[in-house]
Amino acid sequence: MADLVVQRDILIEAPVEVVWHTVTAPDQMSLWFADRVELVVAPGAHGYLHFGDQGGPVVVETVEPPTRFSFRWNYPVDEVPESGNSMLVEFTLTPEGDERTRLQVTESGHELRDWPDAERQRYAGEHRAGWEEILGRLDGVLVVRPR
Amino acid sequence: MTTLTDDALWSAVAEPSRRRVLDLLVSHGASSAWGLAGHVSISRQAVSKHLGVLEGAGLVGRRRQGREVLFEVHPDRLHEATRAMAELATQWDRRLDAIRRLAEAAHAETKRQEAVADDGHDATEESE
């Protein structure tokens with residue numbers, strides 16, 4: 001499947017366990033993400049992100065300490081979050097020595113659900129060049145990710 | 001709560017087969033649904049449906065030329081769509097930078113406390 005993905009990363013001067021805590025602990029998430037985070041960090045757990053007087057639901061997908069954490073958000077409050085109606089945020093933490101960590105985040109959009117696999121795979125290969133050319137101004141911000 | 005400036009824009013370009021139709025319009029210029037369907041392995045009906053969504057998001061417009069209806073890209077709107085995604089990326093850059101500052105401050109504080117504990121330990125040893 002090809003997916004439109006925004007992908008960014010950063011190098012942090014701290015061990016991977018410290019970065020993991022900052023990324024996943026709800027009290028820490030409220031410092032870098034939402035104003036208030038109601039969340040149990042466990043696969044399948046449903047929570048809520050408060051942004052001022054607004055907010056929205058969030059559901060945890062992957063929890064693999066200290067390297068992988070993902071959740072879905074931006075879906076209608078009365079719907080079950082899945083690939084077609086939500087945004088998937090995935091964090092990957094990679095130790096670089098004892099005191100450095102590479103933190104990568106990807107946010108991917110609504111996928112195509114009713115597309116045969118063979119067609120998707122063919123598309124992923126042949127489409128990459130064209131779309132990246134159109135969005136060339138974004139300079140590495142966007143990648144079309146086959147999976 | 002959405003981080004996107006325009007959900008319609010996002011969902012219009014986030015779907016791969018619609019992006020392919022959009023790509024074709026960009027590279028071929030104004031085209032009919034029939035003309036586009038000739039370049040992709042999807043039906044004219046599917047192409048028309050994608051064009052409808054792109055049109056609804058304002059990315060594509062239509063004009064009549066003789067007996068044909070031609071579709072073409074609205075460059076301003078496409079620019080807006082790419083800018084929306086660039087903003088999404090910028091938001092993540094800001095969040096990652098906030099994570100970096102928090103994690104590095106927490107790590108520095110841990111090291112400082114360890115250093116203090118070590119000093120205290122040394123002092124105890126010296127006094128003995």
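Naming: A, B, ... by sequence-line order, numbering from 1 per chain.
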Problem set entry | Test side-chain contact (heavy atoms from CB on, under 4.5 Å) applied to A:V105 and B:L96, step by step | CA-CA 8 Å; A:V105 63; B:L96 290 183; 3.8 Å; yes
Seminar exercise, completed: Tightest non-hydrogen contact, residues A:A14 and B:A103, listed as CB-O, 3.8 Å
For this session: Say whether B:V40 and B:V69 are linked into one hydrophobic cluster, either directly or through other cluster members, by side-chain heavy-atom distances under 4.5 angstrom.
Result: yes
Exercise. Atom CD in B:E104, atom CZ in A:R100: separation rounded to 0.5 Å?
Worked result: 9.5 Å
For this session: Look at atom CG of A:D27 and say whether more than 12 heavy atoms of other residues, nucleotides or ligands are closer to it than 6.0 Å.
Result: yes
Exercise. Between B:I99 and A:F33, does a side-chain contact (heavy atoms from CB on, under 4.5 Å) hold up when you go through it step by step?
Worked result: CA-CA 9 Å; B:I99 291 170; A:F33 191 27; over 6 Å; no
Exercise. Can you tell me how far the CE atom of A:M29 sits from the CG atom of B:L102, to the nearest 0.5 Å?
Worked result: 12.5 Å
Problem set entry | Joint hydrophobic cluster, B:L25 plus B:L70, side-chain heavy atoms closer than 4.5 Å | no
Exercise. Going from CZ on A:R8 to OG1 on B:T90, what distance comes out if it is rounded to the nearest 0.5 angstrom?
Worked result: 7.5 Å
Seminar exercise, completed: Minimal heavy-atom distance between B:R95 and A:W73, with the atoms involved, is NH2-CH2, 4.1 Å
Problem set entry | Gap separating the CG atom of A:D9 from the CG atom of B:D93, nearest 0.5 angstrom | 9.0 Å
For this session: Could you tell me whether the side chain of B:W92 reaches within less than 4.5 Å of the side chain of A:V89, counting heavy atoms only?
Result: yes
Exercise. Under 4.5 Å between any side-chain heavy atoms of A:V18 and B:T110, yes or no?
Worked result: no
Exercise. Taking atom CZ of B:R100 and atom CD of A:E13, what is their separation to the nearest 0.5 Å?
Worked result: 9.0 Å
Exercise. Could you go step by step and tell me if A:E99 and B:K111 meet the salt bridge (Lys or Arg N to Asp or Glu O under 4.0 Å) rule?
Worked result: CA-CA 11 Å; A:E99 303 228 324; B:K111 285 212 292 197; 3.2 Å; yes
